[in-house]
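Below is one structure; the comments refer to it alone.
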Amino acid sequence: MPMDTKPVSETRPMHALVFDRLEIIFNIINQMCIGFVTIYISWMYLRTGLAGTGLHAWLTTIGFSFLMAEGIMCHYKHNILTLNFRRETKTIIHWVLQVLGGGIGIAGVLIQLIHDKFDLFNTHAKLGFAAFILCCISFVTGLSALFSTTLKRILSPLLNKTFHNILGIGTFVVALSAQYYGYNTGLFTRNVPSKDFVILMKCLTLISLILSCLGPLRTLFFILKA
């Protein structure tokens with residue numbers, strides 16, 4: 001059989017195929033974690049009422065934990081939701097999800113900052129404020145990355161996109177770290193079945209944080225290696 005007519009499975013080493021299957025499994029697990037956290041938080045705060053801190057928690061979960069997570073995974077080749085999409089389609093989905101997620105997340109943080117009169121009294125509040133600032137900066141770098149070809153005379157497209165990639169990962173990590181510490185707040189602990197459930201939500205958020213970053217970190221590695 002000529003080389004160009006061999007199935008992909010015959011032209012790749014076995015260990016690479018095994019890693020591909022594992023990454024698909026990890027992505028499925030990640031989607032389940034994202035789905036559970038998003039659905040539970042939405043159900044809990046819609047049930048108790050979207051007012052003040054409840055609205056803040058719901059918006060930041062939808063914006064950061066759901067939409068932003070899905071947005072940064074768009075170009076990940078093992079993402080089961082975008083597996084068969086063309087690169088151009090993935091790019092459009094990425095920008096739409098990032099703008100929506102970032103905008104909703106920023107609104108959620110801003111609501112709580114105004115409510116607390118910008119008093120950053122605990123780790124959750126400090127990380128949330130940091131995510132707010134980083135997300136605003138990410139919007140600017142995102143625009144410069146989108147028009148990197150136009151700006152190539154004054155800024156290297158590779159450097160532009162690399163910086164945007166690093167900042168995007170950093171923003172997501174800080175945002176989900178804020179979500180993690182948010183599970184310690186009284187509003188959340190008073191409305192969950194037990195302390196063990198708090199631990200479960202923290203674990204699901206950490207798993208989602210790690211698995212969502214696999215694709216962007218791999219891309220960043222190959223960019224820096226080139």
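Just so you know, these numbers use all the heavy atoms, side chains as well, and skip hydrogens, waters and symmetry mates. Small disclaimer: the values here were computed from a predicted structure and weren't measured.
A donor-acceptor distance shorter than 3.5 angstrom exists from the side chain of T189 to the backbone of G186, with no hydrogens or angles considered.
One finds the OH atom of Y180 at 7.5 Å from the SG atom of C203 (value rounded to the nearest 0.5 Å). Expressed to the nearest 0.5 Å, how far CG of L217 lies from CD1 of I72 amounts to 8.5 Å. The distance from the SG atom of C33 to the CG atom of L200 is 9.0 Å, given to the nearest 0.5 Å. L214 CG to N30 CG: the interatomic distance, rounded to the nearest 0.5 Å, is 8.0 Å. Interatomic distance, I133 CD1 to I106 CD1, rounded to the nearest 0.5 Å: 9.0 Å. Taking CE of M68 as the start and CE of M73 as the end, the distance is 12.5 Å to the nearest 0.5 Å.
More than 12 heavy atoms of other residues, nucleotides or ligands shown are found within 6.0 angstrom of CZ on R47. Heavy-atom contacts from other residues, nucleotides or ligands closer than 6.0 Å to CG of N84 number 12 or fewer.
Other residues sharing a hydrophobic cluster with M32 under the 4.5 Å side-chain heavy-atom criterion for ILVMFWY residues are I24, I28, I80, L81.
The two residues A175 and F64 have their closest heavy-atom pair at CB-CG, 3.7 Å. The two residues Y183 and K202 make their nearest non-hydrogen contact at CD1-CG, 3.7 Å. Taking every heavy atom of both residues into account, L187 and G54 meet most closely at CD2-N, 3.7 Å. What you find for F139 and Q98 is that their closest heavy atoms are CE2-O, 3.8 Å. Between I169 and C213 the shortest heavy-atom distance is CG2-SG, 4.3 Å. V174 and A131 get closest at one heavy-atom pair: CG1-N, 3.7 Å.
Grouping the Ile, Leu, Val, Met, Phe, Trp and Tyr side chains by contacts below 4.5 angstrom, directly or via other members, places F118 with L59. Cluster membership for L97 and L83, using ILVMFWY side-chain heavy atoms within less than 4.5 angstrom, is not shared. Hydrophobic clustering (ILVMFWY, side-chain heavy atoms < 4.5 Å, transitive): L204 and I39 are in distinct clusters. Grouping the Ile, Leu, Val, Met, Phe, Trp and Tyr side chains by contacts below 4.5 angstrom, directly or via other members, places F132 apart from F121. In the hydrophobic clustering of ILVMFWY residues, with side-chain heavy atoms under 4.5 Å counting as a link, I34 and I210 come out apart.
Note on ring orientation: taking the six-membered ring where Trp is involved, the planes of H94 and H75 are tilted (angle from 30° to 60°). In this structure, H164 and W95 have parallel ring planes: the angle between them is below the 30° cut-off, well short of the 60° mark.
Counting heavy atoms from C-beta on, the side chains of L176 and S208 come closer than 4.5 Å. For the pair T162/L220, a side-chain contact is recorded, criterion being any heavy-atom separation below 4.5 Å from C-beta on. Residues Y181 and N122 have side chains not in contact (no heavy-atom distance under 4.5 Å, counting atoms from C-beta outward).
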Test log, rule side-chain contact (heavy atoms from CB on, under 4.5 Å), inputs Q179 and L209: CA-CA 10 Å; Q179 176 95 8; L209 168 59; over 6 Å; no
Evaluate the criterion side-chain contact (heavy atoms from CB on, under 4.5 Å) for residue pair F188 and I41; output intermediate values, then yes/no. CA-CA 9 Å; F188 184 80; I41 292 293; 3.7 Å; yes
Take V140 and C136 through the side-chain contact (heavy atoms from CB on, under 4.5 Å) test and state the conclusion after the steps. CA-CA 7 Å; V140 177; C136 291; over 6 Å; no
Is there a side-chain contact (heavy atoms from CB on, under 4.5 Å) between E23 and Y76 once you walk through the steps? CA-CA 10 Å; E23 289 192 76; Y76 184 39; 2.5 Å; yes
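Under the 3.5 Å distance criterion, with hydrogens and angles disregarded, no donor-acceptor pair is assigned to the side chains of Y45 and T61.
Checked against the 6.0 Å centroid threshold, F197 and Y40 count as a close aromatic pair.
For N79, the side chain to side chain donor-acceptor pair (under 3.5 Å) criterion is met by Q31, T82, not counting sequence neighbours.
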